[in-house]
J.: 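My questions will all concern the structure given below.
Worth saying up front: this structure is predicted, and the values here are computed from it rather than measured. The first residue in the sequence is number 1, and the count goes up from there. Computation of the quantities below employed the complete heavy-atom set of this structure, encompassing side-chain atoms and omitting hydrogens, waters and symmetry-equivalent molecules.
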Amino acid sequence: MLFGAVLATATLPGVAGSQEGWDPASQEPAQMKIKMTFGDHAMTATLYDNPSARDFFSMLPLHLTIDDYSSNEKIAYLPRKLTEEGSGPFSNEQPYDLCYFMPWGNLAMFYADYRHPGLIRLGRFDEGEHALHIRGKFPLRIERI
């Protein structure tokens, strides 16, 4: 069994080493920009170039509901789960990250410090992110820009 693993690594070095040192948090922003609108508030975000963010972008436009969760985030449930391909842990969490919570299949929009396993970072808010601090439940429109 060990010989087979060594042989596979020796014959496929690109495959074996391609994931080494890979960190989803270090991905570059993609040319995928979105606008989220609720009430009189608009926020924009730039998505990262990862499979989950591309899957999310392909679903737009969306009409969802944004609601408070805990004391540091707002959430919105997607109509279906996103691909989790290419996901992995990241350690440089920051307020105004836009994430996907794999167990529940929802967007998580953080406006304060957070740390939680089970997240895929989809991108970061660029403008209007302070609207996340407004408490309440609202209709939410998400579209490409």
Side-chain angles (χ1 to χ4, degrees), residues 4-6 8-9 11-145:
V6 170
T9 301
T11 58
L12 300 170
V15 173
S18 65
Q19 294 297 317
E20 195 172 303
W22 185 75
D23 178 5
S26 69
Q27 294 180 4
E28 292 296 315
Q31 296 299 316
M32 297 182 293
K33 298 225 178 229
I34 62 169
K35 180 179 179 182
M36 296 181 162
T37 308
F38 68 94
D40 294 334
H41 309 284
M43 305 175 290
T44 62
T46 301
L47 301 181
Y48 289 140
D49 187 18
N50 66 51
S52 301
R54 287 190 298 273
D55 189 19
F56 171 58
F57 196 70
S58 75
M59 297 170 70
L60 302 180
L62 288 171
H63 294 274
L64 307 173
T65 300
I66 189 171
D67 200 0
D68 301 310
Y69 186 81
S70 190
S71 62
N72 64 341
E73 70 182 289
K74 283 199 172 290
I75 63 171
Y77 288 94
L78 295 170
R80 66 167 173 80
K81 288 196 168 198
L82 299 177
T83 181
E84 297 174 11
E85 178 186 334
S87 66
F90 55 94
S91 61
N92 57 345
E93 298 93 337
Q94 299 176 40
Y96 309 116
D97 281 341
L98 172 62
C99 297
Y100 172 68
F101 185 56
M102 292 180 285
W104 293 354
N106 65 280
L107 296 177
M109 297 159 269
F110 293 97
Y111 55 85
D113 290 336
Y114 73 97
R115 186 169 305 266
H116 195 285
L119 293 169
I120 297 173
R121 188 164 26 204
L122 300 176
R124 297 252 324 136
F125 285 98
D126 302 317
E127 292 181 30
E129 64 274 6
H130 293 287
L132 293 172
H133 294 269
I134 298 167
R135 305 292 292 174
K137 185 175 184 176
F138 305 94
L140 172 69
R141 176 171 168 78
I142 307 173
E143 59 192 317
R144 298 174 184 200
I145 54 172

J.: Nearest heavy-atom pair of Ser58 and Arg144: which atoms, and what distance?
T.: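 Here Ser58 and Arg144 meet closest at CA-NH2, 3.5 Å.
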J.: Evaluate side chain to side chain contact (heavy atoms under 4.5 Å, CB included) for Ile142 paired with Met36, printing each intermediate quantity in order.
T.: CA-CA 5 Å; Ile142 307 173; Met36 296 181 162; 3.9 Å; yes
J.: Out of curiosity, Leu140 CG to Asp67 CG, how far, rounded to the nearest 0.5 Å?
T.: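 Reported value, rounded in 0.5 Å steps: 11.0 Å.
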J.: How would you list, by chain and number, every residue that makes a side-chain hydrogen bond (donor to acceptor under 3.5 Å, both in side chains) with Asp68, sequence neighbours excluded?
T.: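 Asp68: side-chain hydrogen bond (donor to acceptor under 3.5 Å, both in side chains) contacts with Lys74.
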J.: Counting only heavy atoms not in Lys137 (residues, nucleotides, ligands), do more than 12 fall under 6.0 Å from its NZ?
T.: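 No, NZ of Lys137 has 12 or fewer neighbouring heavy atoms, counting only those of other groups under 6.0 Å.
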J.: Could you walk me through whether Leu98 and Ile34 pass the side chain to side chain contact (heavy atoms under 4.5 Å, CB included) check?
T.: CA-CA 11 Å; Leu98 172 62; Ile34 62 169; 3.9 Å; yes
J.: Applying the side-chain contact (heavy atoms from CB on, under 4.5 Å) test to Leu107, which of Ile66, Ile75, Leu78 qualifies?
T.: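 The residue from Ile66, Ile75, Leu78 that satisfies side-chain contact (heavy atoms from CB on, under 4.5 Å) with Leu107 turns out to be Leu78.
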J.: Partners of Tyr77 by ring pair (Phe, Tyr, Trp, His ring centres under 6.0 Å), sequence neighbours excluded?
T.: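 Listed in chain order: nothing, the list is empty.
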J.: Once you round to the nearest 0.5 Å, how far does CD1 of Ile134 lie from CG of Asp40?
T.: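 Answer for the CD1-CG pair, Ile134 versus Asp40, is 9.0 Å.
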J.: Distance check, rounded to the nearest 0.5 Å: Glu143 atom CD versus Thr37 atom OG1?
T.: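 So the CD of Glu143 and the OG1 of Thr37 are separated by 5.5 Å.
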J.: For Arg121, is there any backbone N or O sitting under 3.5 Å from a side-chain donor or acceptor partner on Asn50?
T.: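 Confirmed, Asn50 side chain pairs with Arg121 backbone.
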J.: How about Tyr69 and Asn106: does a side-chain donor come under 3.5 Å of a side-chain acceptor?
T.: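 Short answer, no.
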J.: Is the shortest side-chain heavy-atom distance between Arg141 and His63 below 4.5 Å?
T.: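 Side-chain contact under 4.5 Å: yes.
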J.: Kindly write out the residues that satisfy side-chain hydrogen bond (donor to acceptor under 3.5 Å, both in side chains) with Glu127, not counting sequence neighbours, or none if the list is empty.
T.: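 Scan of Glu127 (side-chain hydrogen bond (donor to acceptor under 3.5 Å, both in side chains), adjacent residues dropped) gives none.
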J.: Where the side chain of Thr46 meets the backbone of Lys33, is there a donor-acceptor pair that is under 3.5 Å apart?
T.: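 No; zero donor-acceptor contacts below 3.5 Å.
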J.: So do the side chains of Phe57 and Arg54 get within less than 4.5 Å of each other, counting heavy atoms only?
T.: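 Sidechains of Arg54 and Phe57: no contact.
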J.: Looking at Glu85 and Ser52, what are the two nearest heavy atoms and their distance?
T.: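 In terms of heavy atoms, the two residues are closest at O-OG, 4.3 Å.
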J.: Assert yes or no for the condition that the ring centre distance of His116 to Phe101 is strictly below 6.0 Å.
T.: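 His116 vs Phe101: aromatic centres under 6.0 Å.
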J.: Before you tell me yes or no, could you show the steps for Tyr114 and Cys99 under side chain to side chain contact (heavy atoms under 4.5 Å, CB included), namely the whole-Å CA-CA distance, both residues' side-chain angles and the distance that decides it to 0.1 Å?
T.: CA-CA 11 Å; Tyr114 73 97; Cys99 297; 3.5 Å; yes
J.: What's the shortest heavy-atom distance between Pro103 and Gly118, and which atoms?
T.: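 For Pro103 and Gly118, the tightest heavy-atom pair comes out as CD-O, 3.7 Å.
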J.: Going by distance alone, is a donor N or O of one side chain under 3.5 Å from an acceptor N or O of the other, for Lys35 and Thr44?
T.: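 Short answer, no.
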J.: Is there a side chain to side chain contact (heavy atoms under 4.5 Å, CB included) between Leu119 and Glu93 once you walk through the steps?
T.: CA-CA 10 Å; Leu119 293 169; Glu93 298 93 337; 5.9 Å; no
J.: From Ser71 OG over to Arg135 CZ, what is the distance, rounded to the nearest 0.5 angstrom?
T.: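 With rounding to 0.5 Å, OG (Ser71) is 7.5 Å from CZ (Arg135).
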J.: With a 4.5 Å limit on heavy-atom distance, are the side chains of Asn72 and Pro95 in contact?
T.: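 Heavy-atom side-chain distance check fails, nothing below 4.5 Å.
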J.: I need the minimum non-hydrogen distance between Glu73 and Ala108, along with the two atoms involved.
T.: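 Residues Glu73 and Ala108, closest heavy atoms: OE1-CB, 3.4 Å.
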J.: So that I know where these two stand, are His130 and Tyr111 an aromatic pair - ring centroids less than 6.0 Å apart?
T.: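 No; Tyr111 has its ring centre 6.0 Å or more from that of His130.
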J.: Hey, could you give me the OH/CG distance between Tyr48 and Asp97, rounded to the nearest 0.5 Å?
T.: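 Tyr48 atom OH to Asp97 atom CG measures 6.0 Å (nearest 0.5 Å).
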J.: To the nearest 0.5 Å, tell me how far Phe110 CZ sits from Leu132 CG.
T.: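 Rounded to the nearest 0.5 Å, the CZ-CG separation comes out at 11.0 Å.
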